[in-house]
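These notes are about the structure you will find just below.
Note that this is a predicted model, so its numbers are computed, not measured. Numbering of residues begins at 1 and proceeds along the displayed sequence.
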Amino acid sequence: MTDEDVFMKRAIELARHNALEAKAGGPFGCVIVRGGEIIAEGANQVLADGDPTAHAEMVGIRAAARRLGTHVLEDCVVYTTGEPCPMCYAACWWARVKAIRFASDHDDALEYGGFDDRRINDALALPGDARPLPSTQLGRADMLEVWRAYQAMPDRTHY
């Protein structure tokens with residue numbers, strides 16, 4: 001058994017416990033690995049926390065960032081039981097993780113759990129005002145003043 005197999009088995013163990021025993025959320029688990037060591041774990045906490053953003057990957061990323069003291073996880077690999085949804089993929093992207101490994105894909109999540117990310121992906125491909133959840137720009141001129149001030153800050157931290 002490879003290290004990668006061990007890491008994924010741990011993520012699956014977290015998913016199994018979370019969904020079947022703790023009943024804290026869906027069957028999703030995640031471990032974040034750096035240098036061959038698990039540095040953070042997460043399990044879906046949507047139901048337990050009443051937080052729609054508390055997906056396993058989000059919980060894991062938050063824990064890894066706290067442990068490392070940085071939002072940059074560029075040397076890390078995310079092992080997750082489900083192919084990341086758009087929110088979790090974006091979070092991995094923004095955290096600059098090195099790679100994502102997943103056990104089940106979007107079709108599996110739809111077939112066995114009713115989790116359907118396709119509608120979100122399809123919606124994001126549409127113009128803002130044509131989306132099922134309409135998105136309309138408002139207050140741009142005022143916000144551009146803030147952006148310009150931020151851009152002019154000599155000591156701003158770029159991330």
Side-chain angles (χ1 to χ4, degrees), residues 1-137 157-159:
M1 183 178 302
T2 69
D3 286 348
E4 288 205 311
D5 293 328
V6 171
F7 300 143
M8 187 58 76
K9 283 192 179 297
R10 176 62 183 151
I12 292 169
E13 179 182 310
L14 290 166
R16 179 179 288 115
H17 173 77
N18 189 67
L20 305 179
E21 297 168 29
K23 298 183 180 167
F28 301 101
C30 170
V31 298
I32 299 181
V33 175
R34 184 175 79 168
E37 173 192 354
I38 294 175
I39 61 160
E41 297 181 341
N44 185 292
Q45 297 295 297
V46 170
L47 299 178
D49 294 352
D51 179 354
T53 70
H55 291 195
E57 298 91 338
M58 302 297 285
V59 172
I61 288 169
R62 291 171 183 147
R66 278 191 305 273
R67 178 169 178 191
L68 298 177
T70 180
H71 63 281
V72 178
L73 307 177
E74 61 192 351
D75 295 329
C76 297
V77 176
V78 173
Y79 293 82
T80 185
T81 57
E83 184 175 3
C85 73
M87 174 183 68
C88 293
Y89 182 84
C92 289
W93 179 285
W94 285 115
R96 300 183 192 106
V97 301
K98 183 167 49 174
I100 300 168
R101 308 280 190 261
F102 59 92
S104 60
D105 62 23
H106 292 300
D107 292 333
D108 297 327
L110 176 59
E111 179 178 349
Y112 296 104
F115 298 97
D116 190 1
D117 294 338
R118 294 173 305 170
R119 291 176 45 215
I120 300 170
N121 290 327
D122 292 346
L124 289 172
L126 298 172
D129 60 356
R131 296 176 184 160
L133 177 59
S135 303
T136 307
Q137 190 173 30
T157 302
H158 181 71
Y159 63 97

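Side-chain contact between His106 and Leu110 is absent, with no heavy atoms from C-beta onward closer than 4.5 Å. Side-chain contact between Ile100 and Glu57: absent, with no pair of heavy atoms (C-beta onward) separated by less than 4.5 Å. By the 4.5 Å heavy-atom criterion applied to side chains, Cys76 and Leu68 are counted as neighbours. In this structure the side chain of Val46 reaches within 4.5 angstrom of the side chain of His55, judged on heavy atoms. Between Pro132 and Arg119, the closest side-chain pair of non-hydrogen atoms is not below 4.5 Å. For the pair Val77/Arg101, a side-chain contact is recorded, criterion being any heavy-atom separation below 4.5 Å from C-beta on. The shortest side-chain heavy-atom distance between Met58 and Met87 falls under the 4.5 Å cut-off. With contacts defined as side-chain heavy-atom distances shorter than 4.5 Å, the pair Ile61/Cys92 qualifies.
Rounding to the nearest 0.5 Å places OH of Tyr112 at 10.5 Å from CG of Asp107. The structure places OH of Tyr79 at 14.5 Å from CG of Leu14, a figure rounded to the nearest 0.5 Å. Atoms CG and CG, from Leu124 and Leu133 in turn, are 10.0 Å apart once rounded to the nearest 0.5 Å.
Around atom CZ of Arg16, no more than 12 heavy atoms belonging to other residues, nucleotides or ligands sit under 6.0 Å away.
At least one donor-acceptor pair under 3.5 Å links the side chain of Thr81 to the backbone N or O of Gly29. Put simply, the side chain of Arg96 never gets that close to the backbone of Val72: no donor and acceptor are under 3.5 Å apart. Side-chain N or O atoms of Asn121 include none that pairs as donor or acceptor with a backbone N or O of Arg118 at under 3.5 Å. Of the possible polar contacts, one joining the Arg67 side chain to the Ile39 backbone as a donor-acceptor pair under 3.5 Å is found.
When all heavy atoms of Pro27 and Phe115 are compared, the pair lying nearest together is CD-CE1, 4.4 Å. Among all heavy-atom pairs drawn from Ala64 and Leu73, the shortest one is CB-CD1, 4.0 Å. Scanning both residues, Glu83 and Asp105, for their nearest heavy atoms gives OE1-CB, 3.3 Å. When all heavy atoms are compared, the tightest approach of Ala19 to Gly26 is CB-C, 3.8 Å. Closest of all the heavy-atom pairs between Arg62 and Thr53 is NH2-OG1, 3.3 Å. In plain terms, the two heavy atoms of Ile120 and Pro86 that are nearest each other are CG2-CG, 3.7 Å.
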So Ile38 and Phe7, side chain to side chain contact (heavy atoms under 4.5 Å, CB included) or not? Walk me through it. CA-CA 8 Å; Ile38 294 175; Phe7 300 143; 3.8 Å; yes
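A side-chain contact (heavy atoms from CB on, under 4.5 Å) with Phe102 is found for exactly one of Asp108, Val78, Thr80, namely Thr80.
Considering only residues two or more places apart in sequence or on other chains, Asn18 meets the side chain to side chain donor-acceptor pair (under 3.5 Å) condition with Gln45.
Using a cut-off of 4.0 Å between Lys/Arg side-chain N and Asp/Glu carboxylate O, Arg10 and Glu13 are scored as salt-bridged.
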